[in-house]
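Before any comments, here is the structure.
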There are 2 protein chains.
Amino acid sequence: MTAKPALTRNQTLVLQTLTAAVEPLSAYAILDRLRGEGFRAPLQVYRALDKLLETGLVHRLDSLKAFVACSHPHEHGGEEMVAFAICETCGGVWEFSDSKIEDRFSAWAEAEGFLTRTTTLEISGLCSLCRQRAAAGEAVEAGV
Amino acid sequence: MTAKPALTRNQTLVLQTLTAAVEPLSAYAILDRLRGEGFRAPLQVYRALDKLLETGLVHRLDSLKAFVACSHPHEHGGEEMVAFAICETCGGVWEFSDSKIEDRFSAWAEAEGFLTRTTTLEISGLCSLCRQRAAAGEAVEAGV
DNA sequence: ACTCCAATGTTATATCATTACATCGTTTGC
DNA sequence: GCAAACGATGTAATGATATAACATTGGAGT
Ligand SMILES: [Zn+2]
Ligand SMILES: [Zn+2]
Ligand SMILES: [Zn+2]
Ligand SMILES: [Zn+2]
């Protein structure tokens, strides 16, 4: 059985910090938010993140060099691909999993004999809300 | 018209270095290979890379913090999504563009009202050749 | 109590990227 | 021609991200 071991104090604090944040946080941003809890060095954060990344409770957004708490940790203990949409204006992140996207990559990998271990799927742009706000802003500037 | 301006000396050197390399190179690795050409500071590399990334002649692999020359620069002056498969053993990179993958992301974006600006699509694992070699190696270790 | 092992604490260092400012050469307007 | 404007370049310093190395602590198992 060996149910997944409970999180340690440091891991819990880091996960809480990420869960509470609305936007992705860098390791050093996490560190700053945990100084009150006694955190003093980057390694305390990175070590906790290592475990959290291993168990899938946290994801790293390579394009941002930042970390987010998983939106649905219960779901993908498995192996399915996860993708992220990142709003450049508000910093919001939407995590989604699309089996059809995975199928396409699998098809490519199959054809090439490539064995996939990890994937980085991130799209950056403007979320629906920021898009609307941007359009409204332009309209104002244009004197409409 | 304004045909795209010719590359400057620094840009040319950086692009040549990336093209000659078999694996992705970090900015500092590029710098080291160009010291003989008079390069002395990271900024010389980063500035050249900025332009090369803009024009699509070079890509950054976020998951590696490294850069590669584009495999088919003529093709995507346009806007289509590009994906990369990265072998963790030999460092090889395969650049491919799959309209079906793009269609899936577009479908998601359409549904959410998300406006895509840039994408990061990278899969890491073992290429066909390294996979075979790994299998052979295991066989040897097992005494077969 | 003793050993083992994982987590933690601490310092230093490695790696990646940008800011700030000076210089040089070309183009543009006069 | 000349000067302003601009882009590319050179150089130094700094910021931001991540890891190495080593000491210490605190159970779990014997
Ligand atoms: Zn997740
Ligand atoms: Zn937004
Ligand atoms: Zn390309
Ligand atoms: Zn390989």
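A note on names: the letters A, B, ... follow the listed sequences, proteins ahead of strands, and every chain is numbered from 1.
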Taking the minimum atom-to-atom distance to the side chain of A:K65, which one of C:dT10, D:dT9, C:dA17 wins? C:dA17
Nearest to side-chain heavy atoms of B:Q44, which nucleotide of D:dT9, D:dT17, D:dG10: D:dG10
Proximal nucleotide (of D:dA8, D:dT9, C:dT10) relative to the B:N10 side chain: D:dT9
Among the candidates C:dT18, D:dT19, D:dT9, find the nucleotide nearest to the side-chain atoms of A:L43. D:dT19
I need the single residue from A:V68, A:D50, A:L49 that forms a side chain to side chain contact (heavy atoms under 4.5 Å, CB included) with A:V58. Which is it? A:L49
Report yes if the distance between the aromatic ring centroids of B:W94 and B:F84 is under 6.0 Å, otherwise no. no
Could you tell me the separation between the CG atom of A:L25 and the P atom of D:dT17, rounded to a whole number of Å? 11 Å
Rounded to whole Å, please give me the gap between CG in A:L31 and P in C:dG9. 12 Å
Separation of B:L49 atom CG from C:dC16 atom C1', in whole Å? 12 Å
Within the structure, does a side-chain N or O atom of A:T8 lie under 4.0 Å from either OP1 or OP2 of C:dA6? no
To the nearest angstrom, the CD-C1' distance between A:Q11 and C:dA7 comes to 8 Å
Taking the nucleotide of DNA chain D with the nearest heavy atom to each, does B:R9 or A:A27 sit closer to the 5' end? B:R9
When the distance from CD1 of B:I30 to C1' of C:dT15 is rounded to whole Å, what number comes out? 14 Å
Write down the distance between CZ (B:R40) and P (D:dA13), rounded to a whole number of angstrom. 14 Å
Given atom CG of A:D32 and atom P of D:dG15, what is their separation to the nearest angstrom? 14 Å
Ignoring hydrogens and angles, are the base of C:dA14 and the side chain of B:Y28 linked by a donor-acceptor pair under 3.5 Å? no
Would you say that B:E37 contacts B:R9 through its side chain, given a criterion of any heavy-atom pair below 4.5 Å between the two side chains? yes
Residue B:R47, side-chain heavy atoms: nucleotide from D:dT19, C:dC16, D:dT11 that is nearest: D:dT11
Return yes if a side-chain donor-acceptor contact under 3.5 Å exists between B:S63 and A:D62, otherwise no. no
Do we see B:Y46 stacking on the base of C:dT18, given a limit of 5.5 Å between centres and 30° between planes? no
Contact under 4.0 Å: A:S26 side-chain N or O vs D:dA16 OP1/OP2: no
If you measure from the Lys or Arg side-chain nitrogens to the Asp or Glu carboxylate oxygens, is any gap between A:R35 and A:D32 under 4.0 Å? yes
Expressed in angstrom and rounded to an integer, what is the separation of B:F39 atom CZ from D:dT9 atom P? 8 Å
